[in-house]
Amino acid sequence: MKTTLAFLAVLAAFAAAPFALGPYYTTLIIPILAYAIALIGLNLLFGYGGLLSFGHAMFLAIGAYASAVMGAKLGVRSFEAQLIVAMLASGTVAGLIGLLCLRYTTIFFSMLTLAFGMIFHSFLFKFYDLTGGESGISVPRPSLFGASHAGLSKTAFLVGPFYWYALGLFAVMFLVMALVVASPFGLALKAARDNERKTAFLGVPVFWVRYVAFVLSGIYCAVGGAVLAVSIGAADPELSFWTQSGNMIFIIILGGLGQLFGPVVGAVSFTLLQDALMANTQYWRFALGAILALIIIFAPRGILGLITRALDWRRR
Amino acid sequence: MATVDLLFAALFNAAVLFLVTAGLQLIFGVQRIVNLTAGSLYALGAYFGASVFEWFSAQGGSPALLLPVLILSGLLAGQVGFVIERVLRTVYGRDEAFQLLMTFAFVLMFQDVLRYVWGAQPRLLGDLPSVYGTLAVGGFTFPVYNLLVMLSALVVAGLLYWLIERTSLGHVVRATAENGRMAEALGANTRRINTLVFVLGSMLGTVGGALVIPTTAASLEMPIALIVEAFAVVVIGGLGSIRGAFLGAIIVGVLRALSLTYFPELEVMSIYLVVIVVLVVRPYGLFGKAEA
């Protein structure tokens with residue numbers, strides 16, 4: 001009940017945003033939605049599964065490039081088709097890599113995912129014909145449900161039909177994740193995070209539970225990546241660099257690790273924070289790093305953790 | 001001919017990589033923290049070394065003292081490890097994901113500290129290695145500076161081995177690595193050991209950076225680029241093993257030189273493909289221990 005209300009409130013806020021903020025800020029919100037979708041998936045793996053991946057930027061990039069290659073090279077403009085290909089491609093890659101990476105947990109898992117991420121990054125960089133090399137590929141405007149919206153200007157398309165499309169996508173992906181987390185599968189995943197041995201003893205196939213979480217997180221990141229690519233208008237190799245994976249983890253921690261709304265809260269506050277910092281100082285990375293350090297030390301459950309704590313305190 | 005030059009360049013790379021990754025391994029071996037800051041420390045060492053040597057030259061210092069000045073400035077820059085360790089200490093008991101992220105926070109901060117102090121332009125120390133001249137052996141010529149750097153790396157490897165395996169301090173360090181609580185119960189000051197190990201590890205990184213500056217420019221891309229190679233070394237060699245860092249650095253150095261010459265498109269990829277092969281065949285690297 002509480003979750004449903006909070007979810008409706010989040011949706012209402014996003015739905016009101018274009019009317020309240022005007023086109024410029026609305027274009028800034030689409031990447032927030034894109035990151036929120038991707039991080040909902042990563043949160044399943046890292047927050048609920050306890051597996052810290054330093055390579056998930058790869059799946060973000062797979063989504064972005066799937067959309068770009070389909071649109072620009074193969075002439076498939078339907079965004080639904082692009083999304084399906086993005087999910088299939090990312091799911092396949094995650095399925096293969098997961099078999100290897102999940103033989104490890106803890107730090108070895110992080111390093112192996114980083115290794116795969118870097119291989120993918122150099123792949124994007126070096127194979128110009130397919131990926132456009134350093135400059136990437138620009139993404140042509142996709143058609144949504146068969147409508148090309150050719151009459152609209154770029155901004156009008158983004159803040160109009162595409163915004164609502166992205167919001168709808170976010171709502172669906174969020175609800176699916178809410179169900180996944182509450183399901184026996186979600187419980188098994190959390191149990192394996194807290195005590196792997198006991199969970200295995202209870203008959204849970206720990207490896208496969210984690211495997212499914214890994215593949216799901218890859219698929220979510222690809223969907224987020226495809227949305228992101230359309231909103232920036234390009235897919236470029238920097239999307240897959242290891243620091244990008246670090247930033248994704250940062251956003252989850254900022255919002256609240258292992259909490260359903262963590263990724264959304266994180267994506268909104270990170271974007272606002274970065275925007276405000278960049279407007280005021282060229283040394284915004286330092287400020288971001290310091291904030292990350294402070295959150296880790298003083299508020300390991302992120303902004304949501306702080307809010308919950310404040311509410312509990314008032315109730316007492 | 002080309003092969004010898006290639007091998008020489010590869011070994012020089014390997015020497016520097018070894019210094020940085022030895023620091024990474026030392027810290028992981030004792031504290032179980034993967035220090036992403038290693039790359040930033042490396043860059044700090046490079047920038048700081050360049051500045052110190054410029055200042056030294058401006059004071060009329062002899063260019064022949066290049067190597068000792070750089071090593072000293074590297075050791076000095078490494079003292080920043082005290083500060084990092086002090087902050088890191090707050091998360092010692094916590095999940096290792098948070099420890100890793102804490103070092104990532106430092107990577108972000110260092111990026112701007114370097115930019116603030118030294119600016120966005122890459123920094124190069126003229127053609128200094130030539131002060132040491134070249135050595136001609138059997139038709140090949142090698143720059144002496146590069147030979148000296150390799151020699152220094154070997155000396156450091158020997159010193160580290162001696163320190164850890166042969167001294168009483170080393171015994172305590174190893175005991176702390178094996179079982180921190182037990183070591184503490186037996187009277188080891190593990191808090192001080194942690195600080196010491198972290199600073200020592202940082203100094204290895206900064207010295208590595210300082211030594212490389214006469215041959216490459218210091219730039220803001222250095223930290224994150226180095227991490228990519230250093231991680232390959234560490235995974236190939238096995239996390240926490242200094243011997244592993246030695247062998248891993250040679251493997252990565254040679255691979256990099258080979259692929260740069262023959263398949264320039266595949267530089268990082270070839271290195272990381274080896275990483276994955278190693279992990280599949282020997283899950284914890286060549287010299288690594290299974291997770292505790």
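Note on naming: letters A, B, ... go to the chains in the order of the sequence lines (proteins, then strands), and numbering restarts at 1 for each one.
- Aromatic ring centroids of Phe18(B) and Phe246(B) lie under 6.0 Å apart.
- For chain B, the nearby part of Leu257(A) is the side chain; its heavy atoms alone come within less than 4.5 Å.
- Note on Gly50(A), Ala287(A), Pro300(A): by heavy-atom pairs under 4.5 Å with chain B, the leading option is Pro300(A).
- Leu100(A) touches chain B through its side chain: at least one heavy atom from C-beta onward sits under 4.5 Å away, while N, CA, C and O do not.
- Salt bridge Arg32(B)/Glu96(B): absent, no basic N to carboxylate O contact under 4.0 Å.
- In this structure, the side chain of Gln99(B) does not engage the main chain of Ile33(B) through any donor-acceptor pair within 3.5 Å.
- Of the atoms belonging to Phe46(A), it is side-chain heavy atoms, and not backbone ones, that fall under 4.5 Å from chain B.
- At a 4.5 Å heavy-atom cutoff, Phe106(B) makes no contact with chain A through either its backbone or its side chain.
- By the 6.0 Å and 45° rule, Arg94(B) stacks over the aromatic ring of Phe98(B).
- Salt bridge status for Glu196(A) with Arg210(A): present, with a side-chain N to carboxylate O gap under 4.0 Å.
- Not less than 6.0 angstrom separates the ring centroid of Tyr272(B) from the ring centroid of His121(A).
- For chain A, the nearby parts of Leu273(B) are the backbone and the side chain; heavy atoms of each come within less than 4.5 Å.
- For a residue to count as touching a neighbouring chain, one of its non-hydrogen atoms must lie under 4.5 Å from one of that chain's; by this rule Leu101(B) touches chain A with backbone and side chain alike.
- With a 4.5 angstrom heavy-atom cutoff, Ile253(A) touches chain B only via side-chain atoms.
- Interface check for chain A: of the options Asp112(B), Ile227(B), Val34(B), the most heavy-atom pairs under 4.5 Å are formed by Asp112(B).
- The choice from Val228(B), Val113(B), Val91(B) that makes the most heavy-atom pairs within less than 4.5 Å of chain A is Val228(B).
- Using a 4.0 Å cut-off between a side-chain N of Lys or Arg and a carboxylate O of Asp or Glu, Glu178(B) and Arg174(B) do not qualify as a salt bridge.
- For the set Trp284(A), Tyr283(A), Phe250(A), the entry with the most heavy-atom pairs within less than 4.5 Å of chain B is Tyr283(A).
- Around the CZ atom of Arg123(B), the shell of radius 6.0 Å holds more than 12 heavy atoms that belong to other residues, nucleotides or ligands.
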